[in-house]
Amino acid sequence: MGKRLTVARRELASLRSEKTIVLAILIQLFIAAFSSFLAVGLVSLYDPGSVSEGFVVEFAVTGEAGDDIAPVIEREGGWRAVEYGSYGSAMDAFRGGEVHAVLYVDRLPSGQADVEAVVPDGNIRTTLVVTQVRDALDAFERAERKRLRAQLERTPIDLPRDGESSPYFGFTYTVLLPLLMFLPVFLSGSVAVDAIAEEYDRGTLELLRVTPLTATDIVDGKLAAMGALAPLQAGAWLALLSLNGTDISNVAEILLVVTGFSVGVVAMGAFAALRFRDRKQAQFLFSMGILVVFSATYLLPEPPANTVAKLAIGSPQPLTHAMVAAYVVCGLAGYAALRRLVATRGIGE
């Protein structure tokens, strides 16, 4: 164990000279330390409608069924419907800046409503107006379903209720927190590739082989350093988020998820480095493998990001705890497979 810790300390000390790695850690540190401040701007990208408070979107409504959508728009506090007698007059008002969008609503022979929406092109308000048009059409769809319910031969499935949660809450727990938890994992795996591949590139592997260290000691020491990097960062990011006023539950289980993924990803990176020994080839294989693995996790009953979000919010289900155990087991299985491979085949000349 002492030999492996020596290798691990050597690897951690060498990270200080890796400017790219240090910069990546500092960026994550900045995001975690100023999360409450950054969330204001980031939420506007995640949910542009969240910054529309006080901004009234004026819709020019025209067409045969314009009288049907106008009352729906007027029911909302942030919308105003201005009815026009023709499409041409509505477009003139739109070009003149009198309204923000145009909704031309016509009735098809089947009774369905056909809506043509016109929004600004290249305007700073474009994204906000587009989201408001989408919400207005959603409200119109609900009103049409309610109006035509008596004419349906079969009862349709009820639409989901409108969400009442704050976009800041959703962004913090479903985007920001998983991002901060899994970015260190990717970083650790990439560093593990470099830590082993560069030994071959620099020819320093021979120096390690003439020491009392075995091949297993060398790989274990490197993996211990890289594998511990992600949980340590994740713990620090959780502490900073808590200081910024973000309540986080089940911290221990979240760190278990990060540790399980870290062990598995670092083992994957080490395997790529031992297999190809060339840094560029190994990094390419590792990157492609990570994309495939993490894309495949969304086929699981509960993806990793959802697991972290549910744990942090404090609403885990039995499946959530089962997935935590599964991630840890998979990570340990990957490490055991790599260790067996090294013990059997060594690390080459």
Side-chain angles (χ1 to χ4, degrees), residues 24-47 50 163 165-191 227-266 268-269 286-287 289-331:
I25 295 176
L26 290 177
I27 291 174
Q28 296 172 59
L29 175 62
F30 178 80
I31 294 173
F34 298 95
S35 57
S36 58
F37 172 75
L38 293 174
V40 176
L42 294 175
V43 167
S44 66
L45 300 176
Y46 169 73
D47 183 9
S50 64
S165 63
S166 167
Y168 295 94
F169 180 87
F171 173 80
T172 300
Y173 288 99
T174 64
V175 178
L176 181 61
L177 185 62
L179 181 69
L180 288 173
M181 293 301 99
F182 291 115
L183 270 180
V185 172
F186 303 145
L187 182 65
S188 296
S190 180
V191 174
L229 191 62
L232 288 175
Q233 289 185 70
W237 304 163
L238 291 176
L240 289 173
L241 288 173
S242 298
L243 290 176
N244 279 320
T246 301
D247 294 329
I248 300 175
S249 304
N250 302 297
V251 173
E253 283 192 271
I254 292 175
L255 292 179
L256 271 178
V257 173
V258 175
T259 302
F261 269 95
S262 179
V263 172
V265 169
V266 166
M268 183 187 302
F286 170 74
S287 300
I290 285 295
L291 287 176
V292 172
V293 170
F294 270 82
S295 297
T297 58
Y298 283 90
L299 300 176
L300 297 173
E302 186 176 284
N306 291 0
T307 300
V308 170
K310 288 183 178 180
L311 289 172
I313 293 172
S315 60
Q317 300 173 343
L319 176 62
T320 305
H321 299 298
M323 295 306 297
V324 172
Y327 296 142
V328 173
V329 170
C330 289

Over all heavy atoms of both residues, which pair between [X] and [Y] is shortest? Give the atoms and the distance, please.
X    : Y    : answer
L255 : G235 : CD2-N, 3.7 Å
G289 : M268 : C-SD, 4.1 Å
G189 : V265 : CA-CG1, 3.8 Å
Y173 : P178 : O-CD, 3.4 Å
V263 : G331 : CG1-O, 3.2 Å
L256 : V328 : O-CG2, 3.6 Å

_One pair to check against side chain to side chain contact (heavy atoms under 4.5 Å, CB included): Q233 and L180. What are the steps and the verdict?_
CA-CA 9 Å; Q233 289 185 70; L180 288 173; over 6 Å; no

Please check: side-chain N/O of [X] versus main-chain N/O of [Y], any donor-acceptor pairing under 3.5 Å?
X    : Y    : answer
S190 : F186 : no
T246 : S242 : no
S262 : V185 : no

*asked:* According to salt bridge (charged side-chain N to carboxylate O under 4.0 Å, His left out), does anything in residues 244-258 pair up with another residue at least two apart or in another chain? List the pairs.
replied: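 The answer is none; no pair qualifies.
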
Side-chain donor-acceptor pairs under 3.5 Å in residues 304-319, sequence neighbours left out?
from, atom 1, to, atom 2, distance (Å)
T307, OG1, E302, OE2, 2.8
T307, OG1, P303, O, 3.2
K310, NZ, E302, OE1, 3.0

*ring pair (Phe, Tyr, Trp, His ring centres under 6.0 Å) contacts touching residues 304-331 (sequence neighbours left out)*: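 Passing the test, one end in residues 304-331: F261-Y327.
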
*F182 vs V257 side-chain heavy atoms within contact, under 4.5 Å*: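 Yes; the side chains approach each other to less than 4.5 Å.
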
_Full working for side chain to side chain contact (heavy atoms under 4.5 Å, CB included) between L241 and L176_ = CA-CA 10 Å; L241 288 173; L176 181 61; 4.3 Å; yes

